[in-house]
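The structure under discussion appears below in the form of structure tokens.
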Amino acid sequence: MKVISNKAFTLIELLAVIIILAVVALIATPIVLDVIEDSKLSVGKSEANIVYNGIVNYCLNEEMEAQLNNNYKKICTSELDKDDVSNMVNLGSAEILEIEYTTKLTWLKIKSNGNIYSLKDNKMVEGDLTKPELPIESKSFAEDSWETISAIVKSGKAKDHYNVGDEKEVTLTGAYAGNYTVRISNMSTPEECGTKGFSQTACGFVVEFVDIITMYNMNSTSTNIGGWPASDMSSFVNNNIYNALSIDLKSAIIDTSSVSGHGNDDSANFLSKDKLYLFSTKEVWGKEGKNNNVNYDSAEAETRQLDYYKNKGVTTDNYSGAIKKYQDSASNWWLRSSDSRYTNVFYNVTSNGIFDGPWISENASRTYGVAPAFRIG
């Protein structure tokens, strides 16, 4: 006869089982959590490296494409930012926090799968690292690429590598095909440059063409209405001349806030955003010597003399340093300043470099030299 037992777990036995399970849980939970966290880190790190390698490969292919096609517009330049990356590689769940590109990808910080990864020794590692101070290889202004020059300017160490007056050869294409010389005409950014409404045309790293590229008129009709921003010359240098520059140079040029004087038919100075621009009267001759006679450039108080012309001692009494040549002969070259007394006159620098009275301001339809400037950043 089979006897059925009614024996059950006692309370002590149940408590013992619960305690054992709790101990097992205490031991197992951190292990499980560590496995989960390691898995997340592994997935995030893998994704971060995929994005990093994708950017590097994209930029290598783009560089080859640019060498084959002179008109190819590169994304991988010193202006590369977080928003550009989404057009280059599939980010997946990754988020670009920081990126820096000089002649190559030099810094990258990514958030992926809830963790942050930073670039170290050409691979992504886990951790929110601080961007290292990366050395920039530089030889000279003449030899450095525009990308290197731009990186040095952005680092705030331009004065450690270059000097005002340093020259470099550039090549233009199209209608103005040929080799031309440019020079550093300014490197300083004094306190006045931060004043609201102050022209940035003589602030920061300014480069100018040493001599005249071509001859052109300020306006095809005899007017200075609308000043520099409305002139034929402004459109000409910011389109025709700018488009003749190399891709790497265009990538290094930054927008410049330019203040320019008005003529008699206008009542206020003009503000424009330019890639290329012409100088003003004060930027060349400063405010020394006879320059108190420059009473008709209404924007002279909103700019300063460029370092190059100041270092050369250029004034209205000492003006040979302002001479520019066209095809080996000294020639007049245009400035962006209107003469506020007239409705049809812009100022220019004579073939002698002189400024000596109102007779140097000329009818806007005259054909004089074009020697633009630009800023690097």
Side-chain angles (χ1 to χ4, degrees), residues 44-67 72-141 143-162 184 187 189 200 203-207 245-256 275 374-377:
K45 186 176 181 180
S46 176
E47 185 174 56
N49 276 295
I50 289 172
V51 172
Y52 165 67
N53 290 321
I55 296 171
V56 171
N57 291 331
Y58 181 96
C59 290
L60 285 173
N61 291 330
E62 189 185 55
E63 184 62 37
M64 288 188 290
E65 183 66 30
Q67 291 176 4
Y72 186 81
K73 184 174 176 59
K74 292 169 60 178
I75 294 178
C76 297
T77 69
S78 57
E79 296 180 353
L80 179 66
D81 61 28
K82 294 182 287 186
D83 294 332
D84 293 323
V85 178
S86 61
N87 297 321
M88 298 162 57
V89 296
N90 181 8
L91 291 176
S93 63
E95 177 188 357
I96 304 297
L97 301 179
E98 296 177 12
I99 186 167
E100 182 174 299
Y101 190 95
T102 52
T103 56
K104 61 180 181 178
L105 186 62
T106 55
W107 175 246
L108 184 64
K109 186 182 290 186
I110 291 176
K111 185 175 183 180
S112 176
N113 211 19
N115 294 291
I116 295 178
Y117 304 86
S118 305
L119 182 62
K120 184 179 181 180
D121 298 329
N122 296 322
K123 61 183 178 180
M124 301 303 293
V125 298
E126 197 253 329
D128 188 359
L129 305 183
T130 301
K131 183 177 73 172
E133 188 70 26
L134 299 170
I136 302 173
E137 295 182 5
S138 171
K139 295 180 179 179
S140 67
F141 182 65
E143 297 175 274
D144 288 350
S145 69
W146 286 109
E147 194 167 24
T148 296
I149 294 168
S150 176
I152 289 173
V153 173
K154 287 180 177 178
S155 74
K157 297 182 178 180
K159 292 182 180 179
D160 294 340
H161 299 271
Y162 312 128
I184 302 172
M187 291 176 65
T189 309
Q200 298 301 296
C203 298
F205 198 91
V206 181
V207 179
L245 302 177
S246 63
I247 292 174
D248 58 336
L249 174 51
K250 286 191 284 189
S251 297
I253 293 174
I254 60 174
D255 288 338
T256 295
K275 292 291 188 183
F374 50 85
R375 293 196 306 152
I376 299 296

Can you tell me how far [atom2] of [Y] sits from [atom1] of [X], rounded to the nearest 0.5 angstrom?
X: Lys123; Y: Leu119; atom1: NZ; atom2: CG; answer: 11.0 Å
X: Glu126; Y: Ile116; atom1: CD; atom2: CD1; answer: 9.0 Å
X: Glu62; Y: Met88; atom1: CD; atom2: CE; answer: 7.0 Å
X: Lys109; Y: Glu100; atom1: NZ; atom2: CD; answer: 12.5 Å
X: Ile55; Y: Leu80; atom1: CD1; atom2: CG; answer: 7.0 Å
X: Trp146; Y: Ser246; atom1: CH2; atom2: OG; answer: 8.0 Å

Show your working on side-chain contact (heavy atoms from CB on, under 4.5 Å) between Asn61 and Met64 and close with a plain yes or no.
-> CA-CA 5 Å; Asn61 291 330; Met64 288 188 290; 3.4 Å; yes
Any side-chain heavy atom of [X] within less than 4.5 Å of one from [Y]?
X: Glu147; Y: Tyr101; answer: yes
X: Thr189; Y: Phe205; answer: no
X: Tyr58; Y: Cys76; answer: yes
X: Cys59; Y: Leu105; answer: no
X: Leu249; Y: Phe374; answer: yes
X: Val207; Y: Ile376; answer: yes
X: Leu245; Y: Ile253; answer: yes
X: Thr148; Y: Lys139; answer: no

Pick out which of Arg375, Gln200, Lys275 makes a side-chain hydrogen bond (donor to acceptor under 3.5 Å, both in side chains) with Asp255.
->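 Only one option passes, and that is Lys275.
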Does NZ in Lys111 sit with more than 12 non-hydrogen atoms of other residues, nucleotides or ligands closer than 6.0 Å?
->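 For Lys111, atom NZ is not crowded (no more than 12 foreign heavy atoms under 6.0 Å).
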Shortest non-hydrogen contact from [X] toward [Y]:
X: Gly377; Y: Val153; value: CA-CG1, 4.2 Å
X: Ile247; Y: Lys74; value: CG2-CD, 4.3 Å
X: Val51; Y: Ala94; value: CG2-CB, 4.1 Å
X: Tyr52; Y: Asn122; value: CE2-O, 3.2 Å
X: Asn113; Y: Ser93; value: N-OG, 4.4 Å
X: Ser118; Y: Trp107; value: CB-CH2, 3.9 Å

Any luck finding a side-chain donor-acceptor pair between Ser251 and Glu79 under 3.5 Å?
->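 Note: Ser251 and Glu79 side chains miss the donor-acceptor criterion.
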Residue pair Tyr162, Asp144: steps toward the side-chain contact (heavy atoms from CB on, under 4.5 Å) verdict = CA-CA 10 Å; Tyr162 312 128; Asp144 288 350; 2.6 Å; yes
Is a side-chain donor or acceptor of Asn49 paired with a backbone partner of Ser46 at a separation under 3.5 angstrom?
->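 Checked: no pair found.
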Where the side chain of Ser112 meets the backbone of Ala48, is there a donor-acceptor pair that is under 3.5 Å apart?
->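 No, because the side chain of Ser112 does not come within donor-acceptor range (under 3.5 Å) of the backbone of Ala48.
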Does the pair Glu143 and Ser140 meet the rule for a side chain to side chain donor-acceptor pair (under 3.5 Å), with working shown?
-> CA-CA 5 Å; Glu143 297 175 274; Ser140 67; 3.1 Å; yes
Hey, are Lys131 and Glu98 close enough for a salt bridge, meaning a charged N less than 4.0 Å from a carboxylate O?
->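 No, this pair does not count.
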Taking it one step at a time, do Lys104 and Thr106 satisfy side-chain contact (heavy atoms from CB on, under 4.5 Å)?
-> CA-CA 6 Å; Lys104 61 180 181 178; Thr106 55; 4.0 Å; yes
For the pair Phe141 and His161, evaluate side-chain contact (heavy atoms from CB on, under 4.5 Å) and give the outcome as yes or no after the intermediate values.
-> CA-CA 8 Å; Phe141 182 65; His161 299 271; over 6 Å; no
